[in-house]
Every structure is written in structure tokens, then in C-alpha cells.
Amino acid sequence: RVPQAEPRAEALSELYRELSQHPGLSTACLGPDLTTQYGGKYCSLYTEWSQRDLARAENIKFCRQYLIFHDGGSIVYSGPAGTCSEIKDELLSRESPSGTLKAVLRKVPGKEKEKEKQFGEVWDQNRKVKSIDLTALDKHGSVYDDDQFGCLAWSHSETHLLYVAEKKRPKAESFFESKAPELGTSDEDTGHPKKEDAPVKVGSPQPGSGGGWLCGCGADQAVPQGEKFVYHEDWGETLSTRSVPVLCVLDIEGNSISVLEGIPEHLSPGQAFWSPEDTGVVFVGWWHEPFRLGLRHCTNRRSALFYVDLTGGRCELLSEDTRAVWSPRLSPDGCRIVYLENNVLGPHQQCSRLRMYDWYTKQTSTVLEAVPRQAWGAFPGIYCGALPGMCWAADSRRILLDTAQRSQQDVFVVDTATGTTTLLTADAPQGSWSVLTIDRDLLVARFSTPSCPPMLKVAVLPTAGHEAQTQWICLQDAPPVPGITWGIHTLQPPPEHEHPHYGGLDFDAILMRPSEGPTAQKPPLVVMPHGGPHSVFTAGWMLYPAALCRVGFAVLLVNYRGSLGFGQDNVASLPGNVGTQDVHDVQFCVERVLQEETLDASRVALVGGSHGGFLACHLIGQFPDTYHACVVRNPVVNIASMVATTDIPDWCLTETGLPYKPDALPDPAQWTEMLHKSPIRYVDQVRAPVLLMLGEDDRRVPPKQGMEYYRALKARGVPTRLLWYPGNNHALAGVEAEADGFMNMALWLLKHLQC
């Protein structure tokens, strides 16, 4: 008999509370090598983790340190040093090149009615040695702590810090604002630079250089009346407070800030670092004309690598200016910069190229090209949002990266001179591997599986040619969650669903199922296609699927054609075929799994977000007899109505198979095609009860999309419920929204699948 609602909800909340306490591992940093009195070497490993705190309804960060004893070729001993401690109000932090100092950019809540302040801090091994009030210096707006533009970089001389902040915006006035009578003038009144605003040195001049390097100072600008309500563009989803980024240099000894000049006005700079010998700054510049498009998860935006010389402010282009580039990394010897490159426009995520710029010859080469098709035993291609912050081996020739390889994620070493690649996780457990850092050939990684939360792994990178002998050691274990088994299924689409130009493509699905409990023998099935659509489920830890599996559901995570990790042809096969190819792949996968596995075919449901929600809404309309419940989070339901409201209008046309131009408006035939590929077209056939979860602040798939579907379902008498989450954007990742979303999802599925 089905338990009563209240006891069931209480059991679900306890389960969620238990599983949500597993922390996620985000960053790692290795300290300098030290020598014991017996001649052995050891170093400290600093790690940062995040964890949901349901009582405080927030994600908390904490740090934990470890000691690693090694002999240069292998790890002799490793273990934790002390207990965890919470990290409060840190925006960014970075160890200095020597490892003796640490810089922190911190936000400090204002007292009473004061605004929040931002500080730059420097710590040594014993104490805080510097605290500079960035807000009081009033040279820029808020510091960028995101991973799109944000950075914090020490100069090689360890005297200056480089970071990105919002350009200072003078206070705008209305036409009717009252002003106090002017009794006199001063430097501040006239806007003339004060003495401390004079150009400053930002590094230690090299012998014979004739002086230091110059920066601009960002002096106040007068703003005409009537500018109070002028619209300022931003960079879209999760970047709504980012409009005009500027590069800033903090002089630690002089307690002053300089805003770098020389950046072309049509560029938004970010991901910056100091050039060799501190002669200038290297940065990625994104074009923002004619207008800004959403940047989060969009590695197809026109951008290039630049160098600004601090002596005269000259800005030099280092890469092609017709591509999309990001994630530049300077080699330890200061001779080479590697970076990732995509084509402009087209799919937001693609198989990327690895490019390398030689600082002294000024030549650019391609280290790795995009891979058309994945093949086991060969490099699958690069499908990562960024290279590790520290990715170079000590020889300044090899780099480390992680990338999707079908439905798992693995670590590779790349020889930049020859383009050869070696898999470092070939003999390691199957799952999801991510590189956190490498320093002096000590390699730190994160590993998880669908049934095992993240754990910390370390290794010593062997010498060139012997990388396959890498031995991984577990430094922080995470016991597997009981009651979950999983495996990967590979499927070949039937001939009638083959792509006319990209034939022979296959795809995967990860099936998780309960191994204990009353439903273990024949569990109901929850089908979860991923969003994107050019994304991928890798065999790593995911809270919702693991929790659903513990509730008693089998969970099918479908990597339909168009997913990352299967080659560029797989990505290219989907635009123009959304609503058909991806829908047929998911349905074919469901039917095949129901035939091959002992699952309850009478109790099948769908759960999906974004493009996964798009597919879920398509499937309950196109195959109403298969599915008996549906939960969607910020779904795309009508591409035609979304194109004018989203931060990524190019997505709407590209995935529909239409060309995108900023100055072009869709014609009637194109509007029709967008509507034709949308799930709203099939709403008359929907019978499954639908639960919608919408983020009020979603810029990517605005909540009016879900509201449009909600009203259409209500008008047709389909059981539906809508959850509206203020303060949440597309990911619905707020701790309270995420927890409430799980509870409502699980109860909805249990109710309508009659579990």
C-alpha cells in the first residue's frame, strides 16, 4: 500500500538531506616543495570544496589541506593535515609564483546602511600583511569573480595584481535633480586627476629598459543630464551584472589601482595574465558590436587573443580575429601560450581546436584539430569549457586536459610539439575524471561515478613517453552510495532515422537502477535527456539521478546524437533536425532499454531541463502512450516566441537549421519553421500530467516559455502544476529551489506513476 503523503515526504526529505551533504571538489593548489631534515621532499595541497547547507539555504565553501611526500618520481605518502574550515566572502584567491604569498579579493558586508565593500588582501605564511580598500579607491565598479571574464594574476615580480572589474560608471542625473550651490572648486570638482592619479609603474623595470610601464587611471567623467535611465547591455544569463569589463592593476606596495588603457572600445577584455617579464598583459577580447549576446556556455562568440604593451598602451592581435578563442595558458618557461578555438556562431558547443602561440617567434600553430568522429583507442577531441588553470607540465612541452569521451570523461596528456596524445586514465576506474591542477609534474584530479560522490586523486606525471604508467593515489575517498548500479548502453539508430549526410553515427545512454528495495526487480523508469542540446551526460556524480535511484526509480540518461564527446560530425548532425532526430533517438533508446532490461514499461516518466525539457515536451506529445508523467525545468516550448526574448537568439535559428545574422529578421517561412520544430505543436496530444519549474530570472529560456505551455495544458484539461522560483535563473541552482524542486519532482512522479 502507498504510504501516506506526510510520511513519504518526510522520508524523501531525509534522503535528499543525506545525499546533498556530499561536497563537490572545485579547486586545488600545490604549495612549494619543502625538504625534511632527512632530505625527503614534501608539499602542501590546498583544496576548496562546496556543499549545500539546507539550514542556511546557501552553498558554503570550505577548504582542506593535505601533505604530499614524494621523491620526484612517485608519491611516498599523502594524507590530510587538520580539519576543514569554511571560506567566507572570498571572491577570488591566488597563490604567488613563489608560493610564499596569497592574494585574496574579498567582499565585506556594509555596516548598517553602508554598501558592500571590496578589499584586496595579501597574506604570507603567518599573517595578513596587506589590506587595501578597493571600494574607497573608487577606480572601478564590482570585481568580476565569474569564470568567463574573471581572473586574478600575480605579476612575476610579485608586486602587482591583475584582475577584471566593471568599468566605473559616473552617477547619472535626471533633468530635474537638485544640486547644491557651488561655493568653490577643487580637483575633485573639476574632474582633474589628483596627484595620486598620475601614471604609475606596474612592474620592476628590467636593467637598461629606461623606466617602468605606464597605465591609465580611469579618472571620473562628466555625465550629461538625462542619462539616468539609459539602457546598458549585459552579457546575459548569469552575467547580468557584467557590461563593460576593464583590466585593473593593484599596486601592492603603493596601495593604488590603475585601469589599463589601450583596449579597443569594441572589445570586452577578460581571462588576462601577465606577459613574460611583466612587459604587458595578455587577454581574451570579445567583440560586443553590434550588441552583446549571452556568453555563458557559448564558446562560439567572436573573440581573439590580444597583448597590450604597458609602455605605450599599444594593443596587438595575437590570434586570428575571425574565430572564437578562450582559456589561454602561459607555459612555465614563458615561451608559449596554448588556447582553445572554435568557429564563430553555429552550435554553442563544438569539438574545439588546441592552438599554440610562440611568444618569441610570433608564430601560431595548431596542436590538435577538431575530431570528426570518436573512435576508441584514439583521441576523442576536446569538449571542455576551459583548460585547467595550471595545465603545463614542468618541461613546458606537454599539457594536461580532461575531455568527454562518449559518456565518460578522461584525462589526457598532449605533446604540443608533436600533437600526440596519451590517455592517463586508461587503467583507472571508469567514470568522470577532471584535472584540477598540475605543478612540478604533481597532478591533482577529481573523480566520481553515478554511484560515488567526488573524490580527490593525485599522481606524479611520468617522463615523456612513459605517461601510460601514471599511478593514481586516492587522497580523499568518498564511499559509494549503496543501492545504485549503473552501466553504459550504446545504440545505433534504425536505418529510417539515419542522417543523410552523417550516416553511421551512434549514441549512448547511462542506465542507473536501484539494486535494493521493493522495486529493484522491476523498477519504474525515469527518462532524462540532457539540455544544450550540445552537451553530454558523463558517468559522474549527479544529485538528482542518484536520489531518484535511491527512491526506487531506474534513471535513463540519454546522450542522443548531437551530444559532445562523439566527434564533430555528431554535433553537426543535429542543427536543423531538432524535434525529430533527437526525439527519435530518445524514443528509440527508451523502447530498446524496455526490451532489454527488466523495467516496468507501464510506469515511464520524463524529466528534463532546457533542451531536455524541449525533448520531454515533444515526447509526451509525439508518443503519448509511452509516458505517464512529466517534469520539466525551464523548458523550450516555442522557438518562434523565444527568439525575441532570449539572450541567445542565434541558438533559435541555428538549431532550427536557419542562418543567423544580427541585422536580419526572420521571414514568415522561418517563423513557421521554428514553430514547426517546437513541442507546442503537439500539445493537443498530451495526456501525461506535467509539472513545470520556472526560474523568474532566467535569461536563457525566459519563464514565459513555460507559462505559455502551462496555459495551453490548462486550456486542454491536462493535469498540470507550475512552480515559480524568484531569484533563480536558468539552472535553478539556488539551494532552496534545488531542494524544493527535488521534493516536488519526486512526489509528482510517485503520485502519477502510482508507486
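Side chains included, hydrogens not; waters and symmetry mates left out as well; all remaining heavy atoms used. The chain is numbered in sequence order, starting from 1.
Applying the side-chain hydrogen bond (donor to acceptor under 3.5 Å, both in side chains) test to Ser573 and every residue at least two apart in sequence or in another chain returns Gln581. Not counting sequence neighbours, the partners of Glu467 by the side chain to side chain contact (heavy atoms under 4.5 Å, CB included) test are Arg398, Val413, Thr422, Leu424, Leu461, Ala464. Partners of Cys549 by side chain to side chain contact (heavy atoms under 4.5 Å, CB included), not counting sequence neighbours, listed by chain and number: Ile484, Met512, Pro514. In this structure Ser50 satisfies the side chain to side chain contact (heavy atoms under 4.5 Å, CB included) test with no other residue, sequence neighbours excluded. Legend: residues meeting side-chain hydrogen bond (donor to acceptor under 3.5 Å, both in side chains) with Ser434, ordered by chain and number and at least two apart, are Gln409, Arg446. Among residues two or more places apart in sequence or in another chain, the ring pair (Phe, Tyr, Trp, His ring centres under 6.0 Å) test is passed with Phe412 by Phe379. Scanning for side-chain hydrogen bond (donor to acceptor under 3.5 Å, both in side chains) contacts around Asp585 gives Arg561, with sequence neighbours left out. In this structure, the ring pair (Phe, Tyr, Trp, His ring centres under 6.0 Å) partners of Tyr307, at least two apart in sequence or on a different chain, are Trp359. Annotation: side chain to side chain contact (heavy atoms under 4.5 Å, CB included) contacts of Asp234 (sequence neighbours excluded): Ser240, Arg699. Not counting sequence neighbours, the partners of Tyr627 by the side-chain hydrogen bond (donor to acceptor under 3.5 Å, both in side chains) test are Gln587.
His348 and Asp650 share a side-chain donor-acceptor pair at under 3.5 Å. Using modelled atom types and a 3.5 Å distance limit, the side chains of Asp410 and Thr425 yield a donor-acceptor pair. There is no side-chain donor-acceptor pair under 3.5 Å between Ser327 and Gln271. With hydrogens and angles left out, the side-chain atoms of Ser535 and Gln349 include no donor and acceptor closer than 3.5 Å. Side-chain atoms of Asp508 and Thr490 form a donor-acceptor pair, as typed in the model, at a separation below 3.5 Å.
Taking the six-membered ring where tryptophan is involved, the planes of His611 and Phe614 are essentially parallel, since the angle between them stays under 30° and well short of 60°. In this structure, Tyr544 and Phe742 have tilted ring planes: the angle between them lies in the 30° to 60° band. Using a 30° and 60° split on the angle between ring planes, His530 and Tyr560 fall in the parallel class, below 30°.
Atoms OG and CH2, from Ser432 and Trp541 in turn, are 13.0 Å apart once rounded to the nearest 0.5 Å. Rounded to the nearest 0.5 Å, atoms OG1 (Thr366) and CG (Leu368) are 9.0 Å apart. Going from atom OH of Tyr339 over to atom CZ of Arg323 covers 10.0 Å, rounded to the nearest 0.5 Å. Distance CE/Met356 to OG/Ser319: 14.5 Å, rounded to 0.5 Å. Put simply, CG on Asn559 and CG on Leu564 are 9.0 Å apart, with the number rounded to the nearest 0.5 Å. Residue Leu615 holds its CG atom at 6.5 Å from CG of Leu619, rounded to the nearest 0.5 Å.
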Residues Trp392, Ile438; criterion side-chain contact (heavy atoms from CB on, under 4.5 Å); working and verdict: CA-CA 7 Å; Trp392 284 93; Ile438 181 172; 5.9 Å; no
Would Leu443 and Val435 count as a side-chain contact (heavy atoms from CB on, under 4.5 Å) here? Give the steps. CA-CA 8 Å; Leu443 178 56; Val435 178; 3.9 Å; yes
Tell me, with the steps shown, if Arg700 and Trp651 meet side-chain contact (heavy atoms from CB on, under 4.5 Å). CA-CA 10 Å; Arg700 186 120 308 173; Trp651 181 93; over 6 Å; no
Take Leu732 and Asn634 through the test side-chain contact (heavy atoms from CB on, under 4.5 Å) and record every step on the way to the result. CA-CA 8 Å; Leu732 291 177; Asn634 291 321; 3.6 Å; yes
Do Phe588 and His497 pass the ring pair (Phe, Tyr, Trp, His ring centres under 6.0 Å) test, and can you show the C-alpha distance, the side-chain angles, and the key distance before you say yes or no? CA-CA 10 Å; Phe588 174 70; His497 293 152; 7.7 Å; no
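With Ser352 as the partner, the side chain to side chain donor-acceptor pair (under 3.5 Å) test is satisfied by one option alone out of Thr403, Thr299, Asn342: Asn342. Checking each of Asp698, Asp147, Asp146 against Arg296 for a salt bridge (Lys or Arg N to Asp or Glu O under 4.0 Å) leaves exactly one that passes, namely Asp147.
Residues Arg242 and Asp145 are paired through a salt bridge, judged by an N-O separation under 4.0 Å between the basic side chain and the carboxylate. With salt bridges taken as basic N to acidic carboxylate O contacts below 4.0 Å, none links Lys677 and Glu655.
Listed for the Glu233 side chain is no donor-acceptor partner under 3.5 Å among the backbone atoms of Ser243. With hydrogens and angles disregarded, a donor-acceptor distance shorter than 3.5 Å links the side chain of Asn728 to the backbone of Gly734. A donor-acceptor pair is defined here as one N or O able to donate and one able to accept, closer than 3.5 Å; no such pair exists between the side chain of Thr646 and the backbone of Pro649. No side-chain donor-acceptor contact under 3.5 Å links Arg52 to the backbone of Glu738.
Among pairs with a residue in residues 608-620, none fulfils salt bridge (Lys or Arg N to Asp or Glu O under 4.0 Å), at least two apart in sequence or across chains. Applying the salt bridge (Lys or Arg N to Asp or Glu O under 4.0 Å) definition to pairs two or more places apart or across chains, those involving residues 370-392 are Arg373-Asp569.
The neighbour count for Lys61 NZ, taken as heavy atoms of other residues, nucleotides or ligands under 6.0 Å away, is above 12. Dense packing is recorded around NE2 of His232, with more than 12 heavy atoms of other residues, nucleotides or ligands lying under 6.0 Å away.
You'll find the side chain of Val690 reaches within 4.5 Å of the side chain of Ile620, heavy atoms only. Looking at heavy atoms from C-beta onward, Pro380 lies out of side-chain contact with Val371 at the 4.5 angstrom threshold. For the pair Leu340/Val325, no side-chain contact is recorded, criterion being any heavy-atom separation below 4.5 Å from C-beta on. In this structure, Thr654 and Thr656 have side chains that are not in contact, with every pair of non-hydrogen atoms separated by 4.5 Å or more. Looking only at side-chain heavy atoms (C-beta outward), Leu25 and Thr47 come within less than 4.5 Å of each other. Considering only heavy atoms from C-beta on, Tyr163 comes within 4.5 Å of Val143 through its side chain. Using a 4.5 Å heavy-atom cutoff, the side chains of Leu505 and Pro493 are not in contact. Taking the side chain as every heavy atom from C-beta outward, Val590 and Leu556 approach each other to under 4.5 Å.
Between Val164 and Pro245, the closest heavy-atom pair is CG1-CB, 3.7 Å.
Annotation: cation-pi geometry satisfied between Arg302 and Trp287 (NZ/CZ under 6.0 angstrom from ring centroid, within 45° of ring axis).
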